[in-house]
Amino acid sequence: MKILLTGATGFVGSEILKQLLAGGHSVRVLVRSDKAVGKFAPHANVETFVGNILHGPSLTGCMEGTEAVVHIVGVIAEVGENTFDRVHRLGTENLIKEAKKAKVKRFVHMSALGTRANARSQYHISKWAAEEAVRASGLDWTIFRPSIIYGPGDEFVNFFARMTRFPRNLFQLFTMPVMLGGYAHLQPIPLADVARCFAGSIGKTESVGKTYDLCGPRALRLRDILRTIAEVQGNDVKELEPPFKRWIGDWSNLLIPFAALQSLLIQPKTLLVPVPFEFATVIAWFMETFLPKPLLNRDQLMMLEEDNVGDAAAARNDFGISPPEFRDGLAGVI
């Protein structure tokens, strides 16, 4: 089967492309510029089409001769014209219009765990709008909602892993910031399992009209996830709590720097330091205002205030995935 794949140059898309080819499919990848074309030249069963999902006319002809679409493009931060709404909602609507013109019926779509009608964050609101467009399209759709995806070369596990290595750990005084204290629960899932579901859904008629959560076997607090990342690399870890919180409440947050320094002087080790909401908001605002590609934004903080968990039973039953415990899944990732 010939398939149109969006987002093939990214971390997730490249693995989905690999598994689609391994399954005997031929793939046309949608790329935004000619610069990306050469990356796919060595693949005999891959062709490229230059177009931008934000600009409908540029997509004309991209699905000619194809039988299915796998759409995974998304952003976690707004930069320039790439806003959440334009990329997630408008981009999806443009692809649906092109699929209808090309009479392509199969549409596999990547959403995100936590997407819902009454979401607080603009990220999840835009993802919900895209889902609604897919559900109303009349196509044979399948929607996947992955949790945080980790694997070799990712920018989640490896981002935090770098914080525990020399010389960066020295510059950070052996501390690892934990936004909002890290109490929200998450369910990370390996990249290979996510790609297996996307690739396997193409010919699986039972998945048509279904929405799947893609997540690991256990809900973990963010601070437990960071502790595991550090420990897997052989680091001793200590979680710092604001001193005197029982008596002075949130004012104790002002004493965190002094408590961190004391801990490091007494027994140096990787120290998980909670960053209270007020401080985190200022940091996020600064990054949004002054950095071209902010590492943190206020929308992400909003998402970290709530649990992001799901039920992977349907995906396990229909696609045969069995995600490992997070600690076990880190082998070969960092």
Side-chain angles (χ1 to χ4, degrees), residues 76-77 120-121 147-148 150 154-188 216 218-291 293-309 326-327 329-330 333-334:
I76 59 172
R120 296 173 59 210
S121 70
S147 179
I148 291 172
Y150 66 94
D154 73 357
E155 282 302 324
F156 174 69
V157 166
N158 282 284
F159 173 78
F160 289 108
R162 287 192 291 270
M163 289 187 178
T164 68
R165 299 181 192 140
F166 183 84
R168 186 165 176 174
N169 60 350
L170 181 61
F171 292 138
Q172 295 178 184
L173 298 178
F174 302 96
T175 63
M176 182 183 289
V178 186
M179 294 300 164
L180 312 187
Y183 294 106
H185 289 82
L186 310 171
Q187 285 181 260
R218 192 185 307 276
L220 302 169
R221 295 183 305 171
L222 175 60
R223 58 169 47 203
D224 296 326
I225 290 172
L226 300 186
R227 169 186 281 275
T228 300
I229 292 171
E231 288 178 345
V232 164
Q233 297 180 97
N235 295 284
D236 290 329
V237 183
K238 178 181 178 180
E239 295 182 16
L240 180 68
E241 294 292 348
F244 309 118
K245 190 175 184 70
R246 177 179 175 183
W247 294 279
I248 61 176
D250 288 342
W251 287 102
S252 63
N253 291 327
L254 297 175
L255 301 176
I256 287 176
F258 301 101
L261 180 60
Q262 181 186 41
S263 295
L264 291 169
L265 289 174
I266 294 174
Q267 189 177 5
K269 58 179 61 179
T270 298
L271 193 62
L272 302 185
V273 180
V275 181
F277 178 82
E278 296 80 6
F279 295 167
T281 301
V282 172
I283 294 170
W285 172 84
F286 182 88
M287 288 186 174
E288 289 176 37
T289 305
F290 298 105
L291 298 182
K293 293 183 178 181
L295 297 174
L296 178 71
N297 59 59
R298 284 168 288 180
D299 204 70
Q300 290 169 335
L301 288 181
M302 195 176 297
M303 289 188 282
L304 283 176
E305 287 187 288
E306 55 192 31
D307 289 340
N308 189 251
V309 297
F326 180 65
R327 184 181 294 270
L330 292 181
V333 174
I334 54 179

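In this chain, residues are counted from 1 in sequence order.
Residues Pro177 and Met163 are in side-chain contact: their nearest non-hydrogen atoms beyond the backbone lie under 4.5 Å apart. For the pair Arg218 and Phe326, the minimum side-chain heavy-atom distance is 4.5 Å or more. Residues Met287 and Leu295 have side chains in contact (heavy-atom distance under 4.5 Å, counting atoms from C-beta outward).
Relative ring orientation between Phe290 and Phe286 is described as tilted, the plane-to-plane angle lying within the 30° to 60° band.
Around the CZ atom of Arg162, the shell of radius 6.0 Å holds more than 12 heavy atoms that belong to other residues, nucleotides or ligands. The 12-atom threshold is not exceeded at CD1 of Ile76, counting heavy atoms of other residues, nucleotides or ligands nearer than 6.0 Å.
Between atom CE of residue Met176 and atom CG of residue Leu226 there is a gap of 5.5 Å, rounded to the nearest 0.5 Å. Going from atom CG of Leu222 over to atom CG of Asn308 covers 11.0 Å, rounded to the nearest 0.5 Å. Between Leu304 atom CG and Phe277 atom CZ the span is 11.0 Å, to the nearest 0.5 Å. In this structure, Thr270 OG1 and Glu239 CD are separated by 12.0 Å, a value rounded to the nearest 0.5 Å. Rounding to the nearest 0.5 Å gives a distance of 14.0 Å between CG of Leu296 and CH2 of Trp285.
Scanning all heavy atoms of the two residues, the minimum distance from Ile334 to Ala161 falls at CG2-CB, 3.8 Å. Leu301 and Ala284 make their closest contact through CD1-CB, 3.8 Å (heavy atoms, listed as atom of the first residue, atom of the second, distance). Across all their heavy atoms, Glu305 and Leu180 have their closest contact at CG-CD1, 3.5 Å. Considering all non-hydrogen atoms of both residues, Val157 and Val333 come closest at CG1-CG1, 4.0 Å. For the pair Leu240 and Pro274, the tightest heavy-atom approach, listed with the atom from each and the gap, is O-CD, 3.0 Å. Here the closest non-hydrogen pair linking Gln300 and Asn297 is N-OD1, 2.8 Å.
A donor-acceptor distance shorter than 3.5 angstrom exists from the side chain of Arg223 to the backbone of Gly181, with no hydrogens or angles considered. Remark: the backbone N or O of Arg298 is paired with a side-chain donor or acceptor of Glu288 at under 3.5 angstrom. A donor-acceptor pair under 3.5 Å is absent between the side-chain atoms of Asn235 and the main chain of Val237, judged by distance alone. The backbone N or O of Asn158 lies less than 3.5 Å from a partner atom in the side chain of Asp154, making a donor-acceptor pair.
Among Ile225, Asp307, Leu220, Val309, the one residue that satisfies the side-chain contact (heavy atoms from CB on, under 4.5 Å) test with Leu186 is Ile225.
In this structure, Arg168 is positioned above the aromatic face of Phe159, its NZ or CZ under 6.0 Å from the six-membered ring centre and within 45° of the axis.
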